[in-house]
Amino acid sequence: MSTQEYCKRWFMAKQRPIDVMTAEDALKLHQSDEAYTVVIKDSEGSPRNLVDIANDTYLVSFLDDLKRVYLAYQFNVVEGKLFLAFATYHEHDAETGKEIEKSVYAFKPDGSLYIEKRDYITSEVATANNSIDVSGNWESLPKFGCYESITKENR
């Protein structure tokens, strides 16, 4: 079973929350459209997801066992719903932990898709454009504390 912790933001370099707060304080920020972060932990207490909520953007980060981001989704509020606008995949070197590759998928509500794959070892960048069905990119705005719909992997 997962648990949630609320904070002002997550300090990625030190892999810890900054300014931890109560759920009640986070709810007040949520109701006044102010920024906050939700740290979703697994049953062992390890952070697995970060949900950064600011303005009309929900940024969902998926963390590996070393608390590195390996996948990130950016949802934007569009006409009262969330639209998955970006999905970013990060690949890390097993020995050094350094990021070696990043793939970014940029979606638009009209079905436009832009893909950029960047190899940090060879410095090669490949891009592509396409049109796809983005009906699965839409989600209802989650209620406070209910982030299951936007923390699903493999959308």
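Bear in mind that the values here come from a model prediction, so they are computed numbers and not experimental data. Numbering starts at 1 and runs along the sequence shown.
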Given the rule that I, L, V, M, F, W and Y join up when any side-chain heavy atoms are under 4.5 Å apart, are [X] and [Y] in one cluster?
{"X": "Leu50", "Y": "Ile53", "answer": "no"}
{"X": "Phe86", "Y": "Leu82", "answer": "no"}
{"X": "Val60", "Y": "Leu63", "answer": "no"}
{"X": "Val51", "Y": "Leu27", "answer": "yes"}
{"X": "Val38", "Y": "Val69", "answer": "no"}

Residues 98-106 side chain polar contacts: donor-acceptor under 3.5 Å, at least two apart:
unit_1 : atom_1 : unit_2 : atom_2 : d
Glu99  : OE2    : His90  : ND1    : 2.4

Legend entry - Residues that Thr22 engages under side chain to side chain contact (heavy atoms under 4.5 Å, CB included), provided they are two or more places apart: Glu24, Asp25

Inset, instruction - For Ser149, enumerate each residue passing the side chain to side chain contact (heavy atoms under 4.5 Å, CB included) test, keeping only those at least two apart in sequence or located in another chain. - result: Glu139

Legend entry - Backbone of Ser123 reached by a side-chain donor or acceptor of Asp119 within 3.5 Å: no

Inset, instruction - Would you check if the side chain of Tyr147 reaches a backbone N or O of Gly145 as a donor-acceptor pair within less than 3.5 Å? - result: yes

When the side chains of residues 40-47 are checked against the rest of the protein, which donor-acceptor pairs come out under 3.5 Å, sequence neighbours left out?
unit_1 : atom_1 : unit_2 : atom_2 : d
Asp42  : OD1    : Glu44  : N      : 2.9
Asp42  : OD1    : Gly45  : N      : 3.1
Asp42  : OD1    : Ser46  : N      : 2.9
Asp42  : OD2    : Arg48  : NE     : 3.0
Asp42  : OD2    : Arg48  : NH2    : 3.4

Test of understanding: with side chain to side chain donor-acceptor pair (under 3.5 Å), list the residues that count as partners of [X], not counting sequence neighbours.
{"X": "Thr37", "value": "Asp52"}
{"X": "Asp33", "value": "none"}
{"X": "Asn76", "value": "Gln74"}

Inset, instruction - Among Ile, Leu, Val, Met, Phe, Trp and Tyr joined by side-chain contacts under 4.5 Å, find the other residues sharing a cluster with Tyr114 and list them by chain and number. - result: none

Legend entry - Whichever hydrophobic residues join Tyr120 through chains of side-chain contacts under 4.5 Å: none

Of the non-hydrogen atoms in [X] and [Y], which two are nearest, and what is the gap between them?
{"X": "Val134", "Y": "Pro109", "answer": "CG2-O, 3.5 Å"}
{"X": "Cys146", "Y": "Pro142", "answer": "O-CB, 3.0 Å"}
{"X": "Thr96", "Y": "Asp93", "answer": "N-OD1, 2.8 Å"}

Legend entry - Between OG1 on residue Thr127 and CG on residue Asn129, distance to nearest 0.5 Å: 6.5 Å

Legend entry - Interatomic distance, Asn49 atom CG to Thr151 atom OG1 [nearest 0.5 angstrom]: 5.0 Å

Legend entry - Donor-acceptor side-chain pairing of Gln4 and Tyr6 below 3.5 angstrom: yes

Legend entry - Any side-chain donor near an acceptor of the partner, Asp110 and Ser112, under 3.5 Å: yes

Which donor-acceptor pairs under 3.5 Å do side chains of residues 8-20 form with protein atoms, sequence neighbours excluded?
unit_1 : atom_1 : unit_2 : atom_2 : d
Lys8   : NZ     : Ala35  : O      : 3.4
Gln15  : NE2    : Leu66  : O      : 2.9

Inset, instruction - Any chance you could lay out the side-chain contact (heavy atoms from CB on, under 4.5 Å) test for Glu153 and Leu71, step after step, and finish with the verdict? - result: CA-CA 9 Å; Glu153 267 188 89; Leu71 171 62; 3.8 Å; yes

Legend entry - ring-ring contact (aromatic ring centres under 6.0 Å, His included) involving Phe83 - partner list, sequence neighbours excluded: Trp138

Legend entry - Sequence neighbours excluded - ring pair (Phe, Tyr, Trp, His ring centres under 6.0 Å) pairs with any residue from residues 39-71: Phe62-Tyr73

Legend entry - Derivation and outcome, salt bridge (Lys or Arg N to Asp or Glu O under 4.0 Å), residues Arg118 and Glu116: CA-CA 6 Å; Arg118 184 173 300 272; Glu116 179 178 295; 2.9 Å; yes

